[in-house]
Protein chains: 2
Amino acid sequence: MPKPRSPHRPRTLAPIPYVSGVEYDVLDDLLGYSLRRAQVAMFMAFHEATRGEDITPPRFTSLVVIGANPGLTQSALGEVLGIARSGAKMLVDWMQARLLVERRRPDGDSRAWGLHLTRAGERFVRGMKRRVSSKDRARASRLSAAERRELLRLLAKLAG
Amino acid sequence: MPKPRSPHRPRTLAPIPYVSGVEYDVLDDLLGYSLRRAQVAMFMAFHEATRGEDITPPRFTSLVVIGANPGLTQSALGEVLGIARSGAKMLVDWMQARLLVERRRPDGDSRAWGLHLTRAGERFVRGMKRRVSSKDRARASRLSAAERRELLRLLAKLAG
DNA sequence: TATTGTTATACTCTATAACTATA
DNA sequence: TATAGTTATAGAGTATAACAATA
């Protein structure tokens, strides 16, 4: 019955609340559940840091990785992100449409695209890195510096 | 051009690899990125633990929370999960279709549904809790018991 | 008026599989 | 044959907005 209407906010994601009076049972002891809650909290920090820019975590990661690895191919980008080639293409299309990234044919393989930041892309990534890192640390100010380092260490050990 | 064909695996989610030779720049120092990697790793553990059962993290969480809070309403379930009421309804439809959950009108409010596990639901949740907890701990065996506790503490502090 | 649940719809993300061009 | 990229399509998950029934 409802007519199609207005667009979604691109990514809302409220914090996952601890609802008072609700018993969480085994969830409180699962790393998976705790990780999910923490990740949503950090995603919100990311969202605040990038407010006004139509950027998402995969887009941000792509830009950073291309900046640090000029000439990276789309396939390699997909591998880094853990997504399929078709998804990597769409990300690159977006970055190219925003004039942040250029596709150049690398010497010696005319099937592939080498990805490079444009001047605007470099400037943009520099600013975003600053804003995202700053918010990430602001959120982590609930932890001491030692705790933050320890958390990074434990997460790497778990994921590795 | 491609003809529509075969279905998706419901949730594949490969680990996010560290691609050798690739420079990760600022990502290595972002809690948000590390959390994402760890969360994908733990999601894979969940997926293994629940292999053969058509279950997902929100479904598992729903069943556990309903089991621990009999009579919970759909709205409250949505709040716990951090999703909209319409999404909570679909989850409950799924659980009810599998005869794991019953909707009962609570005394005093005939708008709401009180959610209750069926006998089969209780049995099912008991088994899933065992399997998921076991896999969660197996994955965490990369950490010492003290490290695991510390990680849970730090995550709660970060998300809280 | 506000809340619970329901319905219909829309959008994002990412997967699959087939295709083309090149290696 | 294998790989890089492209295209078309499918599906999961979740949001929005309006509605009916009840509070």
Side-chain angles (χ1 to χ4, degrees), chain A residues 1-14 16 36 40 43 47 54-62 71-97 101-115, chain B residues 1-16 36 40 43 47 54-62 71-96 101-115:
Chain A
M1 271 79 172
K3 289 166 301 183
R5 219 165 323 273
S6 81
H8 296 224
R9 283 172 285 168
R11 279 180 152 281
T12 312
L13 221 39
I16 301 181
R36 169 79 183 139
V40 168
F43 174 71
H47 194 248
D54 184 21
I55 197 122
T56 62
R59 288 173 184 174
F60 174 76
T61 301
S62 297
L72 195 79
T73 64
Q74 286 185 193
S75 290
L77 177 63
E79 196 189 350
V80 169
L81 296 172
I83 63 174
R85 295 196 304 280
S86 54
K89 180 210 187 279
M90 302 213 323
L91 280 169
V92 175
D93 285 348
W94 179 87
M95 295 185 282
Q96 189 177 48
V101 160
E102 278 175 7
R103 287 171 159 111
R104 301 192 205 143
R105 286 292 181 204
D107 295 347
D109 192 339
S110 46
R111 294 173 302 182
W113 289 119
L115 304 174
Chain B
M1 272 85 172
K3 290 166 301 185
R5 217 165 322 274
S6 81
H8 297 223
R9 283 172 285 169
R11 278 178 152 283
T12 312
L13 221 39
I16 302 181
R36 170 78 183 140
V40 169
F43 173 72
H47 194 248
D54 184 23
I55 197 127
T56 61
R59 288 174 183 173
F60 174 76
T61 301
S62 298
L72 196 77
T73 64
Q74 286 185 192
S75 290
L77 177 62
E79 195 188 352
V80 169
L81 296 173
I83 63 173
R85 294 195 305 280
S86 53
K89 179 209 186 279
M90 301 212 326
L91 279 168
V92 175
D93 285 347
W94 179 87
M95 295 184 284
Q96 189 177 48
V101 160
E102 278 176 6
R103 288 170 159 113
R104 301 192 205 140
R105 285 293 181 204
D107 296 347
D109 191 341
S110 44
R111 295 171 302 180
W113 290 118
L115 304 174

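Chain naming here is simple, since letters A, B, ... match the order of the sequence lines and numbering starts at 1 in each.
- dT3(C) atom P lies 12 Å from atom CD of Glu79(B), rounded to whole Å.
- Between the CD1 atom of Ile83(A) and the P atom of dA4(D) there is a distance of 15 Å, given to the nearest Å.
- Here dG5(D) presents its C1' atom at 11 Å from CG of Asp109(A), a figure rounded to the nearest Å.
- Nearest nucleotide to the Arg111(B) side chain, out of dA2(C), dA4(D), dC13(C): dA2(C).
- Scanning atom types as modelled, one donor and one acceptor separated by under 3.5 angstrom connect the side chain of Ser86(A) and the base of dT16(C).
- When heavy atoms are screened at a 4.0 angstrom cut-off, Ala84(B) is found touching base atoms of the nucleic acid.
- Remark: P of dT22(D) and CZ of Arg105(B) are 8 Å apart, rounded to the nearest angstrom.
- Atom OG of Ser75(B) is separated from atom CD of Glu79(B) by 8.5 Å, given to the nearest 0.5 angstrom.
- Between the CE atom of Met90(A) and the P atom of dT7(D) there is a distance of 12 Å, rounded to whole Å.
- At distances below 3.5 Å, at least one donor-acceptor pair connects side-chain atoms of Arg59(A) with backbone N or O atoms of Asp54(A).
- A distance of 12.5 Å separates CD1 of Ile83(A) from NZ of Lys89(A), quoted to the nearest 0.5 Å.
- Distance from the side chain of Gln74(A) is smallest to dT6(D) among dG5(C), dG13(D), dT6(D).
- With distances taken from any side-chain atom of Lys89(A) to the nucleotides dA4(D), dA15(C), dT6(D), the minimum falls on dT6(D).
- Side-chain N/O atoms of Arg85(B) include none lying less than 4.0 angstrom from OP1 or OP2 on dA18(D).
- Separating the CG atom of Asp93(B) from the P atom of dT14(D) is a distance of 15 Å, rounded to the nearest angstrom.
- Between the side chain of Arg105(B) and the main chain of Gly114(B), no donor-acceptor pair closer than 3.5 Å is present.
- Straight-line distance from the CG atom of Asp54(B) to the P atom of dG11(D): 14 Å, rounded to whole Å.
- Across all strands shown, Arg103(B) has heavy atoms under 4.0 Å from sugar-phosphate atoms exclusively, and none from any base.
- Going from atom CH2 of Trp113(B) over to atom C1' of dT22(D) covers 13 Å, rounded to whole Å.
- Of the residues listed (Thr73(A), Leu91(A), Leu77(A)), the one engaging Leu115(A) in a side-chain contact (heavy atoms from CB on, under 4.5 Å) is Leu77(A), and it is the only one.
- Taking every side-chain heavy atom of Ser110(B) into account, dA23(D) is the closest of dT6(D), dA23(D), dG5(C).
- For a distance-only test at 3.5 Å, the side chain of Ser75(A) fails to qualify as a donor-acceptor partner of the base of dT3(D).
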